[in-house]
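Naming: A, B, ... by sequence-line order, numbering from 1 per chain. Computed from heavy atoms alone, side chains included, the values below leave out hydrogens, waters and symmetry copies.
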There are 2 protein chains.
Amino acid sequence: MGWDEVDDSACPVARALAVVGDRWTLLILRELFFGTHRFDDLQALTGASSHLLATRLRRLEEDGVVARRQYNDRPPRYEYTLTPKGRDLQPVMFALRSWGAKWHARSSKEEPALSLVHASCGAPVEAAMICPSCGEPCTNADLRASFGKTFAAERRARLEAFQARKRSD
Amino acid sequence: MGWDEVDDSACPVARALAVVGDRWTLLILRELFFGTHRFDDLQALTGASSHLLATRLRRLEEDGVVARRQYNDRPPRYEYTLTPKGRDLQPVMFALRSWGAKWHARSSKEEPALSLVHASCGAPVEAAMICPSCGEPCTNADLRASFGKTFAAERRARLEAFQARKRSD
DNA sequence: CAGTATCCTCGAGGATACTG
DNA sequence: CAGTATCCTCGAGGATACTG
């Protein structure tokens, strides 16, 4: 199964991954979140080759995650910014940052390499999950996944197809 | 720059990506979050080949994200579960799910294919960011990134090295 | 059921050079 | 500064077969 097929899954995680589930893509998006928007700067700060960077930016533009704007006429110069769709990836970045900082810290007492601060009060922000129904904060252990009908059916179909294929060998 | 080097960055996002920044890895982790823990089921539900699945599971085990437990002696049978480190990836999954559901919905009025429900009250949970200092909920626009000294220095070094390399051509 | 062993393909991406 | 154009490598992963 290639990723064009995964793209078709009913699972929103799979569909998200089909667009942004790639190391370089995510690293480039990180830079765009930081406010880097020039090609050369993106190249320097991510370490990607120009070829790779151009490819990824083109794909991100096609997917509506990144907008390319011409900021100079002659010579033509472009800058890259996040669209609203791209900005909506912030929770993904933030979650990756928190996990990386917690489980892959370089030293036990390292200063936070990256924090998100509340622009109005300057305090660093941490993520929290609040149950909108009972108002309680919930930890991972309090949560369980629940499937919609379509996705549940897709899963059953996958399992059956796989078993049938195995039997036929 | 290969990903072994990115792994060395001061950026927690980059270090997280070096471990889990891969489509298949993330898709397999999704399944583990759903409670799938047998090899064949993982294969069927992700669509990965056995070779690919074995490779990814081995890597995830080495990275301490997944634990392999023998649940049968003869023949030896293993099952895969998330370690605490792996379970901590839940916000990443959840953020991907929300983004995928919002921006890559298959129809405008589709039922949610996947939700996280609060185990104690059964209500679906959404993520919210609360500023721990002022107690206000904040949206993406209220937040800005702030770099630690090490990461800031690394970024300056990258920019300078890149410019020097360009000049020398 | 849960993989391992081989072989082979093919395409992503690096290197290098060039451009307005 | 912001890329495009080519060429070429090499390694990820598919296909197939096999195993306790």
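- The hydrophobic cluster containing A:Phe162 does not contain A:Phe147, counting ILVMFWY residues as joined when their side-chain heavy atoms lie under 4.5 angstrom apart, directly or transitively.
- Between B:Ser50 and A:Thr55, the residue anchored nearer the 5' end of DNA chain C, judged by the nucleotide with its closest heavy atom, is B:Ser50.
- For A:His51 and A:Ser49, the side-chain atoms include no donor-acceptor pair closer than 3.5 Å.
- Contact annotation: B:Arg165 side-chain N/O to C:dA15 OP1/OP2 distance is not under 4.0 Å.
- When each of A:Val20, A:Leu32, A:Leu26 is tested with A:Leu89 by the rule side-chain contact (heavy atoms from CB on, under 4.5 Å), just one qualifies, namely A:Val20.
- When both distances must be under 3.5 Å, the Watson-Crick or G-U wobble mate of C:dA12 is D:dT9.
- Rounded to whole angstrom, the span from the CD atom of B:Glu79 across to the C1' atom of C:dC1 amounts to 13 Å.
- The phosphate of C:dC1 (OP1 or OP2) has no side-chain N or O of B:Tyr78 nearer than 4.0 angstrom.
- Here the P atom of nucleotide C:dG11 and the CG atom of A:Asp22 are 17 Å apart, to the nearest Å.
- Of the possible donor and acceptor atoms, one in the side chain of A:Glu154 sits under 3.5 Å from a partner among the backbone N and O of A:Ala10.
- Between A:Arg56 and C:dA12 there is no side-chain polar atom (N or O) within less than 4.0 angstrom of OP1 or OP2.
- A chain of hydrophobic side-chain contacts below 4.5 Å, direct or via other Ile, Leu, Val, Met, Phe, Trp or Tyr residues, connects B:Leu52 to B:Leu60.
- At whole-Å resolution of the value, CD in B:Glu31 and P in C:dA2 are 14 Å apart.
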(request) Run the numbers on A:Arg69 and A:Tyr78 for side-chain contact (heavy atoms from CB on, under 4.5 Å), then give the verdict. (result) CA-CA 5 Å; A:Arg69 200 180 66 86; A:Tyr78 296 95; over 6 Å; no
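- A distance of 9.5 Å separates CZ of B:Arg38 from CZ of B:Arg77, quoted to the nearest 0.5 Å.
- Of all nucleotides present, only C:dG3 satisfies the Watson-Crick or G-U wobble test against D:dC18, with each distance under 3.5 Å.
- What separates OH of A:Tyr71 from P of D:dC1 is a distance of 8 Å, to the nearest Å.
- Note on A:Arg155 versus B:Glu31: salt bridge recorded, some NZ/NE/NH1/NH2 to OD/OE distance being below 4.0 Å.
- Rounding to whole angstrom units, CZ of residue B:Arg77 and C1' of D:dT19 are separated by 11 Å.
- Summarising the geometry, the separation between CD on A:Gln43 and P on C:dG13 is reported as 15 Å, rounded to the nearest angstrom.
- The side chain of A:His51 lies closest to D:dT6, out of D:dT6, D:dG14, D:dC1.
- In terms of phosphate contacts, A:Tyr80 brings no side-chain nitrogen or oxygen within less than 4.0 Å of OP1 or OP2 of D:dC1.
- Within the 4.0 angstrom heavy-atom criterion, only backbone atoms of the sugar-phosphate kind lie near B:Ser49; the bases stay farther away.
- Regarding A:Trp3, its CH2 atom lies at a distance of 18 Å from the P atom of D:dA12, rounded to whole Å.
- Taking atom CD of residue B:Gln70 and atom C1' of nucleotide D:dG20, one finds them 13 Å apart after rounding to whole Å.
- In the region residues 32-41 of chain B, proximity to DNA chain D at under 4.0 angstrom, judged on heavy atoms, holds for none of the residues.
- For D:dG3, neither phosphate oxygen OP1 nor OP2 lies less than 4.0 angstrom from any side-chain nitrogen or oxygen of A:Arg58.
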